[in-house]
2 protein chains.
Amino acid sequence: MTDYAIVCICILSSKANKFVNAQEISIESGISLSTVQKILKLIVSKSDLIIALRGANGGYKLTKKASEISIIDIIEMMDGPLSITACVDGNHEKCGSRKKCFLEGNWNKINLMIRNTLHSYSIADLMCSDPMSFLYNNKSSEDEFNIMELR
Amino acid sequence: MTDYAIVCICILSSKANKFVNAQEISIESGISLSTVQKILKLIVSKSDLIIALRGANGGYKLTKKASEISIIDIIEMMDGPLSITACVDGNHEKCGSRKKCFLEGNWNKINLMIRNTLHSYSIADLMCSDPMSFLYNNKSSEDEFNIMELR
DNA sequence: TTAAAGAGTACTAAAAAAGTACTATATAAT
DNA sequence: ATTATATAGTACTTTTTTAGTACTCTTTAA
């Protein structure tokens, strides 16, 4: 579902400033119409990333540029807060072996790093076919570091 | 399940060089005996991380030190290769909108970074209660960088 | 020889995810 | 105003995945 959401957003971003309806997105993406419809209305209701226009010639439109939408935004919008294990962050109550859990806050660190990674990638990065192009884009130095790590 | 696996491995590492049976681990962890049994035999069959001894006084023992077991090893042993989306790496056939998929190899980069993060953490790091202690441990410079990123 | 412990497999149940269908609401064009 | 078109919202069904359980077989130490 999150995959689909990202694909839909990519398509919308490739036709920015224009309302694109669910059927067009379905055809472009190969995702079934009903699924596209479901995902788009979900995104609209859960975020301000997309605005919708009803009625004839209606459709969906992104409110931000592709470079301003980070992967983590979409993932967390679809799946809720990122957490690898049950007892990350606020979820400590659900950890059955609470007192015995000596892992404590260490998961949080790992989690934070992964969030960081996902945060540093935008939809624009995903759509870009030149794997190195974001080296010379206007990205923060934090992001540049991550690129070094890729090797 | 992967959570459980990590907890079991942590317990084993706290009693290294000694065979610990499933029941002990169940009691220590709070995880039900049958689940502990299931996980441990799974780990034995899928990796060489743990060796088992049958019969009286039998049990399980780690083959490596906690600092030598990375989180990614356990996660990928339990869940298979890490991939956020369906069309990462070898999975390109399963991506329905293959030709239309303009995301191509970009997911792989993100994936690689996340693997990298998880690779840089060991069971020892997880068990360590001092959040900064791995700064002065014998870890690679690559890992040190990751710590910086945490702030 | 016996009791204890893991190995392997098959089955069941529960939870999550995905997909579908239907009704309501809004909008543009006529 | 009316109609056609498009999204909003919700409820339901199906499928898939995950988790948990039970049983039989094999190994090992006392």
Side-chain angles (χ1 to χ4, degrees), chain A residues 1-9 11-12 15 18-27 29-63 75 77-80 83-86 94-97, chain B residues 1-9 11-12 15 18-27 29-63 75 77-80 83-86 94-97:
Chain A
M1 281 287 129
T2 307
D3 283 20
Y4 291 163
I6 290 175
V7 172
C8 290
I9 288 169
I11 290 174
L12 283 176
K15 302 176 189 290
K18 170 185 154 190
F19 282 93
V20 184
N21 69 33
Q23 191 161 35
E24 275 184 74
I25 295 172
S26 166
I27 292 165
S29 64
I31 304 165
S32 80
L33 178 59
S34 52
T35 301
V36 169
Q37 288 172 327
K38 183 180 183 176
I39 283 165
L40 287 168
K41 54 193 174 189
L42 219 161
I43 299 174
V44 168
S45 75
K46 284 202 170 183
S47 78
D48 56 354
L49 212 65
I50 291 178
I51 52 168
L53 182 65
R54 299 185 186 188
N57 305 322
Y60 298 92
K61 195 168 79 173
L62 286 181
T63 59
I75 293 177
M77 167 185 71
M78 296 296 289
D79 302 329
S83 60
I84 339 179
T85 63
K94 288 181 183 170
C95 173
S97 48
Chain B
M1 284 290 129
T2 307
D3 284 20
Y4 292 162
I6 289 174
V7 171
C8 290
I9 288 170
I11 289 174
L12 284 176
K15 302 175 190 289
K18 172 187 153 190
F19 282 94
V20 183
N21 70 32
Q23 192 162 33
E24 277 184 73
I25 295 171
S26 167
I27 291 165
S29 64
I31 303 165
S32 82
L33 178 60
S34 52
T35 301
V36 168
Q37 287 173 328
K38 182 179 183 176
I39 283 164
L40 286 169
K41 55 193 174 190
L42 218 159
I43 298 175
V44 168
S45 76
K46 285 200 169 186
S47 78
D48 56 355
L49 213 64
I50 292 179
I51 52 167
L53 182 66
R54 299 185 187 188
N57 305 321
Y60 299 92
K61 196 169 78 172
L62 287 181
T63 59
I75 292 177
M77 166 186 68
M78 297 296 290
D79 301 329
S83 61
I84 339 181
T85 63
K94 289 183 181 168
C95 173
S97 47

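What you are looking at is a predicted structure, and each value in this text was computed from that prediction instead of being measured. The chains referred to below are lettered A, B, ... by the order of the sequence lines, with proteins before strands, and numbering in each begins at 1.
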Could you state the atom-to-atom distance from [atom1] of [X] to [atom2] of [N] in whole Å?
{"X": "Ile31(A)", "N": "dG19(C)", "atom1": "CD1", "atom2": "P", "result": "9 Å"}
{"X": "Ile39(B)", "N": "dA7(C)", "atom1": "CD1", "atom2": "C1'", "result": "16 Å"}
{"X": "Leu53(A)", "N": "dA29(C)", "atom1": "CG", "atom2": "C1'", "result": "13 Å"}
{"X": "Ile25(B)", "N": "dG6(C)", "atom1": "CD1", "atom2": "C1'", "result": "12 Å"}
{"X": "Glu24(A)", "N": "dT5(D)", "atom1": "CD", "atom2": "C1'", "result": "13 Å"}
{"X": "Asn57(A)", "N": "dA28(C)", "atom1": "CG", "atom2": "C1'", "result": "7 Å"}
{"X": "Ile43(B)", "N": "dG6(C)", "atom1": "CD1", "atom2": "P", "result": "13 Å"}
{"X": "Tyr60(A)", "N": "dA26(C)", "atom1": "OH", "atom2": "P", "result": "15 Å"}

Do [X] and [Y] have side chains that get closer than 4.5 Å, going by heavy atoms?
{"X": "Ile25(B)", "Y": "Ile31(B)", "answer": "no"}
{"X": "Glu24(A)", "Y": "Asn21(A)", "answer": "yes"}
{"X": "Ile39(A)", "Y": "Thr35(A)", "answer": "yes"}

Just call it for Leu40(A): base, sugar-phosphate, or nothing, with non-hydrogen atoms closer than 4.0 Å on any strand.
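Nothing: the residue Leu40(A), judged by heavy atoms under 4.0 Å, touches no strand.
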
Which part of the nucleic acid, if any, lies within contact of Tyr4(A), taking any heavy atom under 4.0 Å across all strands shown: a base, the sugar-phosphate backbone alone, or nothing?
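The answer is sugar-phosphate, as Tyr4(A) gets under 4.0 Å only of primed atoms, P, OP1 or OP2.
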
Please identify each residue that fulfils side chain to side chain donor-acceptor pair (under 3.5 Å) with Lys61(B), with sequence neighbours left out.
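If we apply the side chain to side chain donor-acceptor pair (under 3.5 Å) test to Lys61(B), skipping adjacent residues, there are no hits.
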
Could you work out, with side chain to side chain donor-acceptor pair (under 3.5 Å) as the rule, every residue matching Asn57(A), not counting sequence neighbours?
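Once residues adjacent in sequence are excluded, Asn57(A) has no partner under the side chain to side chain donor-acceptor pair (under 3.5 Å) criterion.
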
If I compare all heavy atoms of [X] with all of [Y], which pair ends up nearest, and what's the gap?
{"X": "Phe19(B)", "Y": "Ala52(B)", "answer": "CE2-C, 4.1 Å"}
{"X": "Ser32(B)", "Y": "Ser26(B)", "answer": "C-OG, 3.7 Å"}
{"X": "Ala5(B)", "Y": "Ile43(B)", "answer": "CB-CD1, 3.9 Å"}
{"X": "Met78(A)", "Y": "Met1(A)", "answer": "CE-O, 3.6 Å"}
{"X": "Ile51(A)", "Y": "Thr63(A)", "answer": "CG2-CG2, 3.6 Å"}

Those residues of residues 44-52 of chain A lying under 4.0 Å from DNA chain D by at least one heavy atom:
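Listed by number, they are Val44(A), Ser45(A), Ala52(A).
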
Short heteroatom pairs, N/O only, protein and nucleotides 21-27 of chain D, under 3.5 Å:
from    : atom 1 : to       : atom 2 : distance (Å)
dT21(D) : OP2    : Ser34(B) : OG     : 3.1
dT26(D) : O2     : Arg54(B) : NH1    : 2.9
dT27(D) : O4'    : Arg54(B) : NH1    : 3.1

So which protein N/O to nucleotides 13-17 of chain D N/O distances come out below 3.5 Å?
none

With Lys46(A), which residues qualify under salt bridge (Lys or Arg N to Asp or Glu O under 4.0 Å), at least two apart?
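Partners of Lys46(A) by the salt bridge (Lys or Arg N to Asp or Glu O under 4.0 Å) criterion come out as none, since no residue qualifies.
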
More 5' along DNA chain D: Thr2(B) or Gln37(A), using each one's nearest nucleotide?
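So the residue in question is Gln37(A).
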
